[in-house]
Amino acid sequence: MKKRIAITLTAMMMMSLAACGTKDASSDSKFKAGTYEGTANGFGGEIKATVTLSGDKIDKIEVTGDKETQGIGSVAVEKLPAKMVETQTVKVDGVSGASVSSAAVITAVTSALETAGVDVSKLEAIEAEKKEAQKETLDVDTVIVGAGGAGMTAALEAKAAGQNVIIIEKAAYAGGNTSRATGGMNAAETKTQKELGVNDTIEQFVEDTMAGGYNKNNIKLVTKMCEESSAAIDWLEEIGAPLSDLSFSGGATNKRIHRPEDGSGVGAFLVKAYTKNIEEQKIPVYYDTEATKILTNDKGAAVGIEAHSEDTNYTINAKSVILATGGFGANEELYTKYRPELKGYVTTNVSTITGDGITMATDIGANTVDMEQIQIHPTVEQKTSLLITESVRGDGAILVNKSGVRFGDELRTRDVVSAAIIEQEESYAYLVFDQQLRDELSAVEKYIDNHIVEQADSIEELATKLGLDSKTLANTVSTWNKAVKSKNDAEFGRDTGMEHDISVGPFYAIKIAPGVHHTMGGVEINVNAEVISTDGKAIPGLFAAGEVCGGIHGGNRIGGTAVTDIVVFGRIAGTSAAQYNATVK
């Protein structure tokens with residue numbers, strides 16, 4: 001009797017284990033049927049994968065990652081599970097520009113599968129049936145290449161002027177490099193400045209921009225950008241993206257960098273508003289579609305583009321073309337052609353920013369300027385390539401080297417601060433700040449979520465965690481706090497970003513070093529955003545805005561001016577294209 005009970009209990013245990021994910025009764029089963037979970041750290045926080053297996057296939061994959069950047073990392077969370085189920089493997093291409101989130105999704109799913117005893121290296125992909133690409137011709141008033149900030153601005157303005165427009169975007173989502181902008185937008189003589197008692201002028205903005213660029217900038221373009229900056233701030237408010245908070249940026253005489261009221265990163269904030277307006281205006285955006293050629297007529301005018309997606313080759317006929325493809329900061333081969341010493345640097349750029357628009361434009365005779373002017377940003381976390389916003393320094397953080405001492409004015413121009421960091425032993429530094437700054441700047445939360453911030457209850461404890469001498473760091477912070485109180489930085493003459501000291505715990509530090517950030521060179525344009533040919537004349541029907549253009553920032557871009565550039569010249573490109581279209585029969 002006891003023997004029969006034991007056998008029965010054993011059978012029941014086996015049935016229970018099978019229900020929880022043990023091997024199927026059939027010895028031929030490929031997987032242990034059941035539901036399994038795995039996790040990984042994404043760009044914004046934890047990503048969780050739930051994988052359901054039957055005996056012979058991956059039935060379902062569900063991934064959650066609520067803190068991934070909306071419209072970028074969220075696309076990887078949404079798209080990759082379906083790809084993995086379709087191909088029955090984790091060996092899938094990630095979403096361009098969302099590499100951290102893509103890798104985390106793949107890692108989380110891999111973890112879940114390994115929990116089920118699956119050797120993922122042996123999973124062979126099921127080849128999707130290859131279909132011959134179909135051909136499609138579209139006819140529009142204006143085609144815009146690039147769905148970043150400049151492209152979406154231009155699209156909204158062209159649409160407002162009555163044009164039929166479409167946007168072609170190489171990535172699977174909108175935003176481009178705009179999505180990674182963190183600081184804010186420089187503008188002068190704005191409503192916000194006046195309300196807060198900040199005395200600033202367009203002339204001073206022009207002077208700061210020219211000085212920051214070592215007077216290599218095109219003064220006409222700079223003046224136009226600065227003159228239109230306040231109106232651009234008002235326009236952003238009209239489309240639901242008010243930038244009502246002010247801070248300092250390196251190289252600025254006055255508080256001029258406008259940002260979201262809660263201190264969040266300006267890029268994601270703007271992209272959310274842009275995409276909402278693009279959807280409301282029913283402007284078509286063709287994602288995962290790469291433009292390859294600008295079409296011209298026998299008079300040399302731009303009359304459309306060629307583009308292709310995975311399954312379609314497009315010919316898009318248009319009265320005008322607007323290039324808003326960004327620069328080439330993700331194309332190491334190209335930027336090291338002009339600056340060989342930058343080989344091996346991390347880049348803050350989205351992976352699709354490879355200079356395509358510049359290549360297409362020069363293929364039809366466009367001139368380029370300042371191609372050798374490539375900016376490295378001083379504060380980049382090297383493992384994640386996360387750019388630490390200039391607002392951290394603008395709101396009172398200091399930089400210390402591995403000896404725990406400051407080594408310069410943290411709010412000099414980006415090139416100067418970058419050079420100072422590179423000169424330090426082992427060419428890195430720490431950003432040090434306190435709870436006051438974290439409370440005022442919500443962008444810090446992203447850094448916390450990405451596990452790149454060291455935290456401690458005291459400066460001495462923070463120093464110990466960083467491997468620095470505690471007395472030296474404590475003395476450095478104490479000296480800085482006295483400078484803030486007296487408004488006199490006797491060591492390095494810093495006179496901006498000194499509203500708050502570093503005295504309220506907990507205390508924080510981020511290890512940083514420079515990374516490739518912005519390419520100041522690109523196609524030449526005039527104040528109407530018309531692309532200029534090598535013979536000095538405007539190419540009819542071709543316009544450009546944003547980082548694809550050269551001449552605006554000269555030898556160095558001041559933090560916060562890229563957003564000014566994309567909004568001002570994006571608006572100009574959209575309206576100029578509409579005006580040009582009216583002349584085309």
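Heads up: numbering here begins at 1 and tracks the sequence. Keep in mind the model is a prediction, meaning the values are calculated, not measured.
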| message | Donor-acceptor check, side chain of S576 to backbone of A573, threshold 3.5 angstrom: yes or no? | response | no
| request: Look up atom NZ in K79 and atom OG in S74, then write down how far apart they are to the nearest 0.5 Å. | output: 10.5 Å
| query | What's the verdict on side chain to side chain contact (heavy atoms under 4.5 Å, CB included) for V285 and I278, showing C-alpha distance, side-chain angles and the deciding distance? | reply | CA-CA 9 Å; V285 184; I278 291 291; 3.8 Å; yes
| When E390 is tested against each of R414, R259, R557 for salt bridge (Lys or Arg N to Asp or Glu O under 4.0 Å), which residue passes? | R414
| field | side chain to side chain contact (heavy atoms under 4.5 Å, CB included) between M152 and E169, worked out | value | CA-CA 11 Å; M152 289 190 283; E169 172 53 50; over 6 Å; no
| said: Can a donor-acceptor pair be found, under 3.5 Å and without considering hydrogens, that links the side chain of S385 to the backbone of E381? | reply: no
| request: Start with the C-alpha gap between V77 and V105, add the side-chain angles, then the distance that decides, and say whether side chain to side chain contact (heavy atoms under 4.5 Å, CB included) holds. | output: CA-CA 6 Å; V77 170; V105 171; 4.1 Å; yes
| message | I'd like to know if the side chain of E68 pairs up with that of S101 as donor and acceptor (distance under 3.5 Å, no hydrogens or angles considered). | response | yes
| field | Pairwise salt bridge (charged side-chain N to carboxylate O under 4.0 Å, His left out) hits with a residue in residues 576-585, at least two apart | value | none
| Going by atom types alone, do T519 and E547 pair a side-chain donor with an acceptor below 3.5 Å? | yes
| task | For the pair N254 and Q204, evaluate side-chain hydrogen bond (donor to acceptor under 3.5 Å, both in side chains) and give the outcome as yes or no after the intermediate values. | result | CA-CA 9 Å; N254 301 305; Q204 188 63 61; 5.4 Å; no
| query | Side chains of Q375 and N556: donor-acceptor distance under 3.5 Å anywhere? | reply | yes
| query | Just checking, any donor-acceptor pair under 3.5 angstrom between side chains of N581 and Q163? | reply | yes
| Is there a donor in the side chain of T253 and an acceptor in the side chain of D208, or the other way round, less than 3.5 Å apart? | yes
| task | For residues 359-370, pull every pair meeting side-chain hydrogen bond (donor to acceptor under 3.5 Å, both in side chains), keeping only residues two or more places apart or in separate chains. | result | N367-E524
| Do T192 and S244 get their side chains close enough for a donor-acceptor pair, meaning under 3.5 Å? | no
| Between I239 and N277, which heavy-atom pair has the shortest distance, and what is it? | O-ND2, 2.8 Å
| field | OG1-CG distance between T190 and L246, expressed to the nearest 0.5 angstrom | value | 6.0 Å
| said: Tell me whether D535 at atom CG has more than 12 heavy atoms from other residues, nucleotides or ligands lying less than 6.0 Å away. | reply: yes
| request: Tell me yes or no: between the side chains of D139 and T137, is some donor less than 3.5 Å from an acceptor? | output: no
| query | Stepwise, does the salt bridge (Lys or Arg N to Asp or Glu O under 4.0 Å) test hold for K191 with E195? | reply | CA-CA 6 Å; K191 178 175 62 177; E195 289 174 350; 5.3 Å; no
| request: Output every pair passing ring pair (Phe, Tyr, Trp, His ring centres under 6.0 Å) with a member in residues 261-309, not counting sequence neighbours, ordered by first then second residue. | output: Y286-Y314
| Does the side chain of K255 pick up a donor-acceptor pair with the side chain of T496 at under 3.5 Å? | no
| Are D141 and S320 linked by a side-chain donor-acceptor pair shorter than 3.5 Å? | no
| request: May I ask you to check whether T348 and R180 show a side-chain donor-acceptor distance below 3.5 Å? | output: no
| query | Which value, rounded to the nearest 0.5 Å, describes the distance between I316 atom CD1 and I168 atom CD1? | reply | 3.5 Å
| Looking at the rings of H553 and H518, which for Trp means the six-membered one, are their centres under 6.0 Å apart? | yes
| message | Which heavy atom of A302 sits nearest to which heavy atom of V321, and what is that distance? | response | CB-CG2, 4.2 Å
| Spacing of I233 atom CD1 and S229 atom OG [to the nearest 0.5 Å] | 7.5 Å
| field | E157 side chain to T575 side chain, donor-acceptor N/O pair below 3.5 angstrom | value | no
